[in-house]
Undergrad: 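My structure is below; once you've seen it, I'll send some questions.
Naming: A, B, ... by sequence-line order, numbering from 1 per chain.
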Amino acid sequence: MSFLDQLNPQQREAVETTEGPVLILAGAGSGKTRAITYRIAHLIDNLGVMPESILAMTFTNKAASEMAERVEKLVGGLSVAKPAMATFHSFCVRVLRRDIEALRIPSGIPGNPPIGYTKKFVIYDENDQQQLVKSVMRRLGIDDKQTTPRSVLAHISWAKNHMLDPQEVYLQSADPKTERVAQIYAEYKKELAKANAFDFDDLLLETVRLLRAVPEVREYYNRRYPYILVDEYQDTNRPQYELMRLLAGSKHNVCAVGDEDQSIYSWRGADIRNILEFEKDFPEAKIIRLEQNYRSTQNILQAASAVVANNVQRKGKNLWTSRQGGTKVGYYEAPDGENEALFVADKISKYLREASEQGENSRVAVLYRTNSQSRLFEEAMRRYQLKYHVVGGFSFYERAEIKDMISYLKVIHNVNDTISLLRVINTPVRGIGKTTLETLERVALETGLSLWNAIKETIQRQLLPVRALAALKNFTDLIEDGQAMLAGNYVEHFEESSLGESAEITEEQSRTASRRSKDQQPFEDETFFDPMAFDFGPALEDTPEPSAADDSAVAGAPAFRDPGAPANTAEILKFLIDRTGYIKLLEEEDTPEAYSRIENLRELVNAAMDSRDRGETLDQFLDHAALVSDADSYEAGAQITLMTLHAAKGLEFPLVFLCGLEEGLFPHSRTFLHPDDIEEERRLCYVGMTRAMDSLIVTRAVYRRRYGTDLPEASIPSRFLDEIPSQLLEELGTSSRGRSTSRAGAPATHEREVGSTHYAYEDEDQSVSWAARNKQRRRAPAVKTYNSIDNIAEFFASRGKKFSLPKLPMEEPRGVKGFRPGQKVKHPKYGEGTVYQREGDGEEAKITVQFPRFGLKKLVEKYAQLERA
DNA sequence: CCCTGGTCCCAACTT
DNA sequence: GGGACCAGGG
């Protein structure tokens with residue numbers, strides 16, 4: 001019973017109210033996760049509930065596995081049985097894989113299989129969806145200029161999140177455009193069914209449909225999980241809410257935990273009404289409020305509360321903390337985006353150095369509104385030689401080579417997956433071109449066959465020139481051999497010699513490749529090699545013991561040395577890489593990019609091996625690949641984490657930077673039209689601010705470049721800055737007064753230079769308060785566009801401030817020669833020329849050269865074989 | 001059939 | 001900054 005004593009009275013009530021519906025309204029940092037994990041531990045340890053009868057649903061795999069870890073720590077020596085902790089989507093996939101065929105209906109034709117989805121379904125990601133919508137639109141003859149596939153897909157997803165089917169969308173449509181959407185939606189749905197594929201939204205919808213339609217299935221899950229917990233309840237959408245209701249059964253032992261002020265997913269269909277309707281659907285519900293914040297200092301909490309208090313749509317609550325005072329919220333106004341990033345990097349480097357001098361291992365988060373903002377911060381971190389970790393952005397599974405291999409696996413798993421089939425049918429090129437594909441699609445359309453069957457038909461009836469037929473046969477053989485391997489009746493029928501030695505993946509090679517790529521691009525792809533990205537999190541059911549057999553595969557034995565036994569995913573992958581010559585072709589390319597792609601493929605094989613060690617089958621591996629999210633790549637151990645505000649939900653850091661507080665960026669311009677959307681932005685700001693435990697620094701750039709090519713534009717300070725009470729704010733960046741003159745001229749040491757004043761400017765006008773100046777600027781938005789460093793300096797001068805240029809003495813990487821404007825150079829192809837301009841530095845330096853006979857050419861210095869003339 | 005280079009258009013958050 | 005698409009040459 002001892003662990004219950006660590007809870008405050010409200011938390012304790014939340015933990016001990018185990019029977020009947022409970023809604024826990026938990027403010028930021030109020031020990032929400034603690035309440036949930038203790039509740040689970042209490043159920044198991046003190047009430048003797050079987051662990052496997054508890055189901056906790058979260059939004060990310062990361063949250064699920066963190067919860068599992070914390071429960072395991074509380075419940076000493078948890079047996080083999082574990083509580084089920086999963087994301088909504090992965091839980092649904094499990095249910096569908098087990099029971100979807102209960103929805104099949106007889107075809108009515110003797111000998112024909114029943115109609116409906118089978119257990120072998122695949123999951124379509126956004127890219128696949130888009131391809132499918134495009135092909136549907138093409139077939140329906142709808143112009144994709146005025147009705148873009150993107151917007152159609154957004155509309156379909158909206159409909160699904162509100163549980164509307166195509167007919168309902170059609171009936172509700174008030175304009176021809178929506179009617180068209182309904183039509184496309186209907187066709188899209190049919191095509192998904194034909195391919196035995198679900199999109200993300202379907203996973204929830206179909207599970208709800210299944211549980212509603214088949215009482216036996218519903219009852220099975222009701223019996224199996226008498227205790228249900230739902231995390232981040234404020235972000236559930238309609239299908240998720242229905243799912244929870246269905247799973248709660250008649251016992252209603254459901255515990256939902258949420259915070260209205262942290263609802264940030266309404267655009268994904270999250271419905272705040274779910275919190276209100278909870279009491280309607282569960283009239284006997286007990287509401288418990290957790291209002292003591294254990295995370296932040298009083299200053300931070302007050303500032304955040306003051307911001308969110310501007311929202312009209314909220315019940316309001318009193319969050320309090322015992323951590324009196326604390327440092328004020330820092331504010332830095334950077335001249336531009338680059339400078340903002342350098343400022344942040346500088347502060348972080350000092351902060352971490354001080355922390356380590358005191359023997360502490362601290363953590364910092366840099367939060368921003370949009371993923372594209374990460375680039376500047378990454379560059380700044382590199383300049384300061386800081387190791388950082390980026391959450392989200394371009395994920396491992398979105399890379400072309402990974403998608404290719406996954407698509408091969410998907411086709412082997414399910415040949416009716418036409419979208420994946422089209423992706424790989426000519427990848428790498430094997431002579432199946434546009435004309436061939438057009439014929440095949442016509443055959444498919446005319447016969448009603450799936451594309452795969454149309455190909456088989458075409459080959460059999462020899463409907464194409466011999467060359468094309470051979471190429472097609474080549475492809476179908478490959479897929480069928482893969483299927484045979486999977487089934488365990490593959491008979492090798494090529495010579496060993498045809499397997500290029502280069503395609504063999506050994507641990508040794510893997511290691512050298514890894515070393516090489518790290519040497520060349522020390523910071524690139526940090527996120528892509530994250531093993532966490534492959535962690536399914538705890539399985540719903542107990543996974544079989546990992547097979548002790550064949551570790552030799554890791555050591556580089558041939559991929560399929562054991563014909564006759566069913567192959568595992570890793571073996572099939574190696575076979576595919578081998579037979580397609582994928583790696584071999586990349587090696588022939590012999591570029592850094594190609595090696596990085598090879599490295600990614602090796603990583604994929606490693607992931608498949610891990611999957612095998614967990615005893616997973618091919619479809620489980622594919623489910624994982626489809627369901628890992630960006631947020632899952634968060635590493636709790638990383639010192640510096642860069643991520644969007646959305647990804648930061650649920651996390652905490654001693655020091656937090658909240659960047660880009662500018663109207664149009666944060667709040668985002670797309671939210672301006674609707675007051676409700678602005679309120680959501682404000683909640684997002686609240687979420688960001690309350691991540692901070694000890695210190696919070698907010699920043700803004702006066703001039704920001706919107707797209708790479710455009711001129712920087714003057715920004716207006718975010719309204720959220722105004723909403724922070726001025727007595728809680730402290731302006732930063734003025735501490736370097738006078739220093740910039742003393743170091744003029746003489747080149748300072750690297751360390752000093754980096755650590756001192758390059759981002760700083762002097763503020764001569766400190767008598768005017770920050771808030772007053774802020775107001776001034778807002779009233780008079782600059783009309784002049786500043787497009788160069790000189791203009792920015794001029795801008796600051798006009799305001800009585802001095803602005804010093806970021807100057808960083810950087811060691812030039814090898815291969816970079818540092819040509820300057822005016823120098824004469826010689827190019828192997830273009831001959832002699834004069835350097836006209838130089839952009840960027842180090843690895844990225846581009847120089848523009850004037851060649852007498854060829855005109856101006858822009859060259860990347862690293863690659864262009866330029867010499868001094 | 002394949003590759004290249006140019007052009008156009010886009011650029012919010014995520015399972 | 002970059003992805004998707006197209007035209008034109010190899």
Side-chain angles (χ1 to χ4, degrees), chain A residues 57-64 86-93 123-127 129-131 134 144-145 148-151 154 157 160-161 198-205 207 232 235-237 239-240 263-270 367-376 379 391-395 397-398 400 426-438 465 467-468 471 589 623-633 643-649 660 664-672 677 680-681 683-685 687-688 705-710 840 844 846:
Chain A
M57 284 190 287
T58 62
F59 275 77
T60 62
N61 295 302
K62 191 72 207 169
T87 65
F88 280 95
H89 287 82
S90 62
F91 174 74
C92 288
V93 169
I123 302 167
Y124 274 7
D125 67 14
E126 218 178 301
N127 216 302
Q129 292 180 51
Q130 207 152 356
Q131 296 302 325
K134 255 187 223 166
D144 65 359
K145 290 277 175 330
T148 64
R150 265 183 89 80
S151 68
S157 180
K160 287 189 170 184
N161 283 329
F198 290 124
D199 64 20
F200 280 127
D201 300 324
D202 283 339
L203 297 176
L204 302 171
L205 279 179
T207 306
E232 307 286 5
D235 285 328
T236 50
N237 62 20
Q240 283 161 334
S263 165
I264 54 175
Y265 283 103
S266 73
W267 49 273
R268 207 171 64 189
L367 309 181
Y368 37 78
R369 181 64 178 82
T370 67
N371 270 311
S372 61
Q373 283 167 265
S374 75
R375 205 194 93 244
L376 289 173
E379 282 170 11
V391 175
F394 200 53
S395 97
Y397 289 101
E398 286 170 83
N426 200 31
T427 316
V429 287
R430 53 169 72 84
I432 302 174
K434 213 172 137 198
T435 341
T436 308
L437 275 176
E438 269 168 18
R467 249 176 101 125
E589 249 182 65
D623 288 347
H624 181 203
L627 293 175
V628 277
S629 74
D630 292 342
D632 297 330
S633 75
M643 64 189 144
T644 64
L645 286 153
H646 282 87
K649 192 173 74 165
L665 186 59
F666 188 34
H668 198 272
S669 54
R670 289 224 188 171
T671 64
F672 286 168
D677 291 345
E680 179 147 319
E681 294 287 297
R683 289 194 291 271
L684 195 52
C685 186
V687 168
R705 207 179 280 278
R706 273 183 67 212
Y707 309 123
T709 50
D710 273 2
E844 277 120 48
K846 291 188 189 89

Undergrad: Looking at N426(A), I'd like to know whether one of its side-chain N or O atoms comes within less than 4.0 Å of OP1 or OP2 on dC2(B).
TA: yes

Undergrad: Please answer whether dT15(B) and F59(A) are stacked, defined here as ring centres separated by less than 5.5 Å and planes angled under 30°.
TA: no

Undergrad: Rounding to a whole Å, what distance do you find between Y368(A):OH and dA11(B):P?
TA: 19 Å

Undergrad: State which of dC1(B), dA12(B), dT14(B) makes the closest approach to the side chain of E681(A).
TA: dA12(B)

Undergrad: R375(A) has an atom CZ; how far is it from atom P of dA11(B), in whole Å?
TA: 18 Å

Undergrad: Kindly compute the distance separating CG (L645(A)) from CZ (R683(A)), expressed to the nearest 0.5 Å.
TA: 13.5 Å

Undergrad: For a quick test of your reading: what N or O donor-acceptor pairs under 3.5 Å do the side chains of residues 198-205 of chain A make, sequence neighbours left out?
TA:
{"from": "D199(A)", "atom 1": "OD1", "to": "K160(A)", "atom 2": "NZ", "distance (Å)": "3.3"}
{"from": "D199(A)", "atom 1": "OD1", "to": "D201(A)", "atom 2": "N", "distance (Å)": "3.2"}
{"from": "D199(A)", "atom 1": "OD1", "to": "D202(A)", "atom 2": "N", "distance (Å)": "2.8"}
{"from": "D199(A)", "atom 1": "OD2", "to": "K160(A)", "atom 2": "NZ", "distance (Å)": "2.8"}
{"from": "D199(A)", "atom 1": "OD2", "to": "Y188(A)", "atom 2": "OH", "distance (Å)": "2.8"}
{"from": "D201(A)", "atom 1": "OD2", "to": "S157(A)", "atom 2": "OG", "distance (Å)": "2.9"}
{"from": "D202(A)", "atom 1": "OD1", "to": "K160(A)", "atom 2": "NZ", "distance (Å)": "2.8"}
{"from": "D202(A)", "atom 1": "OD2", "to": "K160(A)", "atom 2": "NZ", "distance (Å)": "3.3"}
{"from": "D202(A)", "atom 1": "OD2", "to": "D199(A)", "atom 2": "N", "distance (Å)": "3.2"}

Undergrad: Could you give the distance from OG1 (T60(A)) to CG (L627(A)), rounded to the nearest 0.5 Å?
TA: 12.5 Å

Undergrad: Holding to side-chain hydrogen bond (donor to acceptor under 3.5 Å, both in side chains), I want the full list of residues that pass it with S151(A), two or more places apart in sequence or in another chain.
TA: T148(A)

Undergrad: Check this one for me: any side-chain N or O of T671(A) less than 4.0 Å away from OP1 or OP2 of dA12(B)?
TA: no

Undergrad: How long is the line joining CD of E232(A) and C1' of dT14(B), in whole Å?
TA: 13 Å

Undergrad: Looking across every strand, which nucleic acid part, if any, lies under 4.0 Å from S669(A) by heavy atom: base, sugar-phosphate, or nothing?
TA: nothing

Undergrad: Looking at residues at least two apart in the chain, or sitting in another chain, which of them share a ring-ring contact (aromatic ring centres under 6.0 Å, His included) with Y368(A)?
TA: none

Undergrad: Would you mind reading off the distance between Y397(A) atom OH and dT14(B) atom C1', rounded to a whole angstrom?
TA: 17 Å

Undergrad: Which nucleotide sits closest to the side chain of V429(A): dC3(B), dT14(B), dA12(B)?
TA: dC3(B)

Undergrad: Give the nucleotide from the list dA12(B), dT14(B), dG1(C) with an atom nearest to the side chain of E379(A).
TA: dG1(C)

Undergrad: Considering only side-chain heavy atoms of T370(A), which listed nucleotide, dG1(C), dA12(B), dT14(B), is closest?
TA: dA12(B)

Undergrad: Please enumerate all residues that pass side-chain hydrogen bond (donor to acceptor under 3.5 Å, both in side chains) together with T427(A), with sequence neighbours excluded.
TA: none

Undergrad: Output the rounded distance in Å from CG (D623(A)) to C1' (dT15(B)).
TA: 13 Å

Undergrad: Can you identify which nucleotide, out of dT15(B), dA12(B), dT14(B), has its nearest atom closest to the T87(A) side chain?
TA: dT15(B)

Undergrad: DNA chain B: H646(A) or T148(A), which has the more 5' nearest nucleotide?
TA: T148(A)

Undergrad: If we ignore angles and hydrogens, is there a donor and acceptor under 3.5 Å between the side chains of T370(A) and Q373(A)?
TA: yes

Undergrad: Quick check for you: among dC1(B), dG1(C), dA11(B), whose closest atom lies nearest to any side-chain atom of R670(A)?
TA: dA11(B)

Undergrad: Please pick, from dA12(B), dC2(B), dT15(B), the nucleotide with the shortest atom-to-atom distance to any side-chain atom of R268(A).
TA: dT15(B)

Undergrad: On the nucleotide dC1(B), are OP1 or OP2 found under 4.0 Å from the side-chain N or O atoms that T435(A) carries?
TA: yes

Undergrad: Checking S374(A) now: which residues fulfil side-chain hydrogen bond (donor to acceptor under 3.5 Å, both in side chains) with it, not counting sequence neighbours?
TA: E378(A)

Undergrad: Just the rounded figure in Å: distance from C1' of dC13(B) to CH2 of W267(A).
TA: 4 Å

Undergrad: For the side chain of N371(A), starting at C-beta, report the closest nucleotide among dA12(B), dT14(B), dC1(B).
TA: dT14(B)

Undergrad: Given atom CG of D235(A) and atom P of dT14(B), what is their separation to the nearest angstrom?
TA: 12 Å

Undergrad: Could you check how far CG of L627(A) sits from P of dT14(B), rounded to whole Å?
TA: 16 Å

Undergrad: Restricting both atoms to N or O, compile the protein contacts to nucleotides 5-10 of chain C shorter than 3.5 Å, with distance only.
TA:
{"from": "dC5(C)", "atom 1": "OP1", "to": "K134(A)", "atom 2": "NZ", "distance (Å)": "2.8"}

Undergrad: Does a side chain donor of either S266(A) or E680(A) reach within less than 3.5 Å of an acceptor in the other side chain?
TA: yes

Undergrad: Between L437(A) and H89(A), name the one whose nearest nucleotide on DNA chain B is closer to the 5' end.
TA: L437(A)

Undergrad: Could you tell me whether Y265(A) contacts a base, only the sugar-phosphate backbone, or nothing, with contacts defined as non-hydrogen atoms closer than 4.0 Å?
TA: sugar-phosphate

